[in-house]
Amino acid sequence: MNRALEEAAKKLQEAASVVITIHTQPDGDALGGLLAMSRYLRKAGKKTCPTWGEEIRIPTHYRWLPGIDEIVDFSHCNGADVLITLDCANEHRLGLMEDRMIKFKTIINIDHHVDNSGFGTINVLDFNAGATCEIVYKLLKLMQADIDSDMATQLYTGIVTDTGRFQYQNTTSETLRIAADLVDLGAVPNLVFEKVYENVSFASLQLLALVLERAEFVKNTGLFYSYILDSDLKETGASMADSEVFIDYLRAAKEANVVAIFKETLEGKLRISLRSKGTIDVGTIARMGGGGGHRNAAGVTLDKTIDEAVDWINNRISTQKTAPTAG
Ligand code: 5GP
Ligand code: MN
């Protein structure tokens with residue numbers, strides 16, 4: 001990774017104008033990296049355009065992030081020398097930005113997903129990083145950036161959220177060292193915690209109540225799952241984006257081996273968030289349906305009913321269980 005990191009640093013130092021993008025339905029890692037990268041480049045005198053490839057809707061629990069109002073629709077981005085993609089395993093994760101990639105001579109793909117397709121002209125990949133924000137931190141250090149408290153807060157938020165508050169298996173000693181540095185640089189852990197995890201609307205708590213009430217457990221595979229229908233959003237007034245952390249509540253069940261939340265999309269498909277607490281590799285399962293992700297956290301969209309999707313996942317868990325070397 002070090003050579004790619006150096007190449008990326010050089011390109012960015014030469015660039016006058018940079019578009020930065022992230023995956024659709026962005027999470028804290030994507031948003032934190034986007035904002036920190038943009039802030040650094042602007043302070044270095046460059047024009048930046050932080051965006052992503054769908055209608056820009058910021059989840060409530062990230063609206064407080066410094067610089068969040070600077071994110072714009074791509075129609076406001078003028079020509080640029082370089083495109084940076086953050087936290088995107090492949091081109092399809094870019095949404096509408098996928099087709100716009102050809103406009104850029106240099107594409108710097110910065111990511112930590114094991115299945116990254118290497119679609120950039122420069123690929124800065126670190127599969128051991130707990131979050132893309134860890135890699136952004138290293139890039140900024142290499143560029144001798146003066147990481148201010150806003151940038152520290154943005155990056156720290158990305159790391160906290162992608163590592164499940166430093167509890168998932170992707171948390172390494174390096175994750176914690178980088179986080180410690182970011183705290184020294186001005187990130188305030190309790191403040192980030194309150195803003196991200198204790199900032200939910202009453203409506204989203206009502207939605208959570210529904211999700212917990214409906215949760216089902218499949219004993220022979222250890223799958224614990226629940227679902228959110230489009231009609232639930234109308235009924236409670238909550239938004240789908242506010243449900244990002246719900247899966248953590250399901251994870252808490254000691255019986256759970258694999259956890260899934262099924263979310264009905266506007267196109268009538270099922271967007272599925274998957275988490276594994278044990279040996280099951282949910283990244284492999286998600287890839288079988290055209291999705292992707294990490295061993296312990298992954299996502300996939302299926303054109304199936306909830307019952308069909310439950311069967312689909314159970315079958316794949318059973319296959320992995322009986323063939324422990326698979327995946
Ligand atoms: P989440 O359940 O939070 O949406 O996603 C969990 C993890 O899987 C994240 O790291 C996310 O980047 C990845 N992921 C989710 N959906 C997809 C998908 O459709 N394709 C790929 N390649 N990765 C996904
Ligand atoms: Mn990530």
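We count ligands from 1, going down the list as the structure has it; atoms in each ligand are counted the same way. If you're wondering where the values come from, they're calculated on a predicted model, not measured in any experiment.
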inquiry  = Can you confirm whether the side chains of S226 and E216 place a donor and an acceptor under 3.5 Å from each other?
reply    = no
CA sep, side-chain torsions, deciding dist, call: I159, I178, side chain to side chain contact (heavy atoms under 4.5 Å, CB included) = CA-CA 9 Å; I159 296 172; I178 293 174; 3.8 Å; yes
query = Rounded to the nearest 0.5 Å, how far apart are NZ of K43 and CG of D150?
reply = 8.0 Å
key: Contact residues of ligand 1 (heavy atom under 4.0 Å), by chain and number   = A89, N90, R93, H113, R271, S273, R275, G291, G292, G293, H294, A297, A298, G299
ask   = Which count of protein N, O or S atoms is obtained for distances strictly below 2.8 Å from the Mn ion (ligand 2)?
value = 4
query = Does the cation-pi check pass for R165 over F193, that is, NZ or CZ under 6.0 Å from the six-membered ring centre and within 45° of its axis?
reply = no
key: Option passing side chain to side chain contact (heavy atoms under 4.5 Å, CB included) with T284 (candidates R295, R316, Q320)   = Q320
task = Could you label the plane-to-plane angle of the H112 and H294 rings as parallel, tilted or perpendicular, counting under 30° as parallel and over 60° as perpendicular?
result = tilted
query = Checking D162 side chain against D29 main chain: does a donor-acceptor pair fall under 3.5 Å?
reply = no
inquiry  = side chain to side chain contact (heavy atoms under 4.5 Å, CB included), that's the test. Do Y137 and I147 meet it? Break it down for me.
reply    = CA-CA 9 Å; Y137 169 87; I147 299 179; 4.0 Å; yes
ask   = So how far is it from S243 OG to L233 CG, rounded to the nearest 0.5 Å?
value = 7.5 Å
